[in-house]
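Inspection log for the structure reproduced underneath, given as structure tokens.
All heavy atoms count here, side chains included; hydrogens, waters and symmetry mates do not.
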Amino acid sequence: MNQRIGFGFDVHQFAEGRPLVLGGVTIPFERGLSGHSDADVLLHAICDALLGAAALGDIGKHFPDTDPAYKGISSLTLLTHVGSLLRKHGYSIGNIDATLVMERPKIAPYSQTMRGNIADALQVSIDAVSVKATTNEGMGFIGTGQGAVAHAVAMIFSEGK
């Protein structure tokens, strides 16, 4: 069995008049993230980590922001498709470790639900999914509350590749 590791990164700025969706959870907050889809920065980073580990391109290749079919789409739908794509190519997911970077809101009350959403979308055990958060200690555009960043790593396995 061969193992592969992928890294994903995504960033979105905050925008008025949008819901804040992170890890498939709508979180009460005065602003959401700007983007073509639901702008779920966490799930986008996870998609890119998985696609990168399998050398299948990136989220923009599979779900271009120029395609009206993806306007406002739930990123859980995108993640589910990525999981199916990996299985189609003979890969299984070992684990995912993701970190949100934003000053507020605090996501600890929602992290278990996020983990469950991700595990369900990918058809893996919740024990294979880690979601953490930190701040940027008031520095840069994240620290001034202008946006959110997510980093993710994923380990996948394949037979004979």
Side-chain angles (χ1 to χ4, degrees), residues 1-15 18 20-26 32-102 107 110-134 136 140-142 146-161:
M1 184 169 287
N2 294 315
Q3 57 188 12
R4 302 175 72 145
I5 298 170
F7 172 76
F9 170 87
D10 197 32
V11 60
H12 286 273
Q13 65 182 342
F14 280 109
R18 289 189 53 109
L20 178 60
V21 181
L22 296 169
V25 178
T26 302
L33 294 169
S34 178
H36 186 68
S37 66
D38 63 5
D40 190 327
V41 69
L42 177 64
L43 297 187
H44 294 180
I46 292 170
C47 284
D48 268 349
L50 292 166
L51 290 167
L56 294 174
D58 63 19
I59 194 169
K61 173 184 173 184
H62 292 274
F63 315 107
D65 64 7
T66 55
D67 188 336
Y70 303 116
K71 178 76 175 158
I73 196 168
S74 167
S75 295
L76 281 171
T77 301
L78 305 181
L79 185 63
T80 299
H81 179 77
V82 168
S84 296
L85 190 61
L86 263 64
R87 287 188 298 278
K88 177 181 163 190
H89 282 85
Y91 295 104
S92 61
I93 298 168
N95 75 300
I96 294 163
D97 183 20
T99 303
L100 278 163
V101 185
M102 54 196 296
I107 65 111
Y110 310 100
S111 62
Q112 190 68 11
T113 304
M114 291 176 187
R115 291 177 63 217
N117 288 345
I118 295 162
D120 289 348
L122 294 171
Q123 300 177 13
V124 299
S125 166
I126 195 168
D127 294 333
V129 179
S130 172
V131 173
K132 308 176 301 298
T134 190
N136 216 42
F141 76 94
I142 299 298
Q146 296 176 56
V149 166
H151 303 271
V153 291
M155 178 170 282
I156 63 172
F157 298 96
S158 69
E159 294 290 336
K161 284 191 178 184

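- Every residue was checked against the side chain to side chain donor-acceptor pair (under 3.5 Å) condition with Thr77, not counting sequence neighbours, and none meets it.
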- [ ] Might you work through the side-chain contact (heavy atoms from CB on, under 4.5 Å) test for Gln13 and Phe141, ending with a clear yes or no?
- [x] CA-CA 9 Å; Gln13 65 182 342; Phe141 76 94; over 6 Å; no
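- Counting heavy atoms from C-beta on, the side chains of Thr26 and Leu20 never come closer than 4.5 Å.
- Between Ala15 and Ser34, the shortest heavy-atom distance links the atoms CB-CB, 3.8 Å.
- Rounded to the nearest 0.5 angstrom, Leu122 CG and Ile46 CD1 are separated by 7.5 Å.
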TODO: Show the numbers, then the answer: is there a side-chain contact (heavy atoms from CB on, under 4.5 Å) between Leu43 and Leu78?
DONE: CA-CA 8 Å; Leu43 297 187; Leu78 305 181; over 6 Å; no
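- Summarising the geometry, atom CE belonging to Met114 is positioned 12.0 Å from atom CD1 belonging to Ile126; distances are rounded to the nearest 0.5 Å.
- Under the ring pair (Phe, Tyr, Trp, His ring centres under 6.0 Å) criterion, Phe157 pairs with no residue, sequence neighbours left out.
- Here the side chains of Gln3 and Ile156 are not in contact, with every heavy-atom distance at 4.5 Å or above.
- Asp10 contributes no side-chain N or O that, together with a main-chain N or O of Ala150, makes up a donor-acceptor pair within less than 3.5 Å.
- Note that the CG atom of Asn95 and the CG atom of Asp127 stand 11.0 Å from one another [nearest 0.5 Å].
- At least one side-chain heavy atom of Asp97 sits less than 4.5 Å from a side-chain heavy atom of Lys132.
- Between Val149 and Leu100 there is no side-chain heavy-atom pair separated by less than 4.5 Å.
- Between Ile118 and Leu42 there is a side-chain heavy-atom pair separated by less than 4.5 Å.
- In this structure Asp38 satisfies the side-chain contact (heavy atoms from CB on, under 4.5 Å) test together with Val21, Asp40, His44, Ser74, Ser75, sequence neighbours excluded.
- A search for ring pair (Phe, Tyr, Trp, His ring centres under 6.0 Å) contacts involving His62 returns nothing, not counting sequence neighbours.
- With sequence neighbours excluded, no residue forms a ring pair (Phe, Tyr, Trp, His ring centres under 6.0 Å) with Tyr110.
- Between Arg4 and Met155 there is no side-chain heavy-atom pair separated by less than 4.5 Å.
- Between Leu76 and Gly24, the closest heavy-atom pair is CD1-CA, 3.7 Å.
- Minimum interatomic distance between Ala53 and Ile5 (heavy atoms only, all atoms of both residues): CB-C, 3.7 Å.
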Open item on the list: I'd like to know whether Asp65 forms a side-chain contact (heavy atoms from CB on, under 4.5 Å) with Asp67, so could you lay out the CA-CA distance, the side-chain angles of the two residues, the decisive distance to 0.1 Å, and finally the verdict.
Closed with: CA-CA 5 Å; Asp65 64 7; Asp67 188 336; over 6 Å; no
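- Rounding to the nearest 0.5 Å gives a distance of 12.0 Å between CG of Asp48 and NZ of Lys61.
- Between Leu22 atom CG and His12 atom NE2 the span is 10.0 Å, to the nearest 0.5 Å.
- Using cut-offs of 30° and 60° on the angle between ring planes, the pair Tyr70 and Phe63 is perpendicular.
- Between the CZ atom of Arg18 and the CG atom of Leu33 there is a distance of 8.0 Å, given to the nearest 0.5 Å.
- Crowding of Gln146 atom CD: a count of heavy atoms from other residues, nucleotides or ligands under 6.0 Å exceeding 12.
- Counting only residues at least two apart or on different chains, the side chain to side chain donor-acceptor pair (under 3.5 Å) pairs with a member in residues 113-122 are Gln112-Arg115.
- A heavy-atom distance below 4.5 Å is found between the side chains of Leu50 and Leu79.
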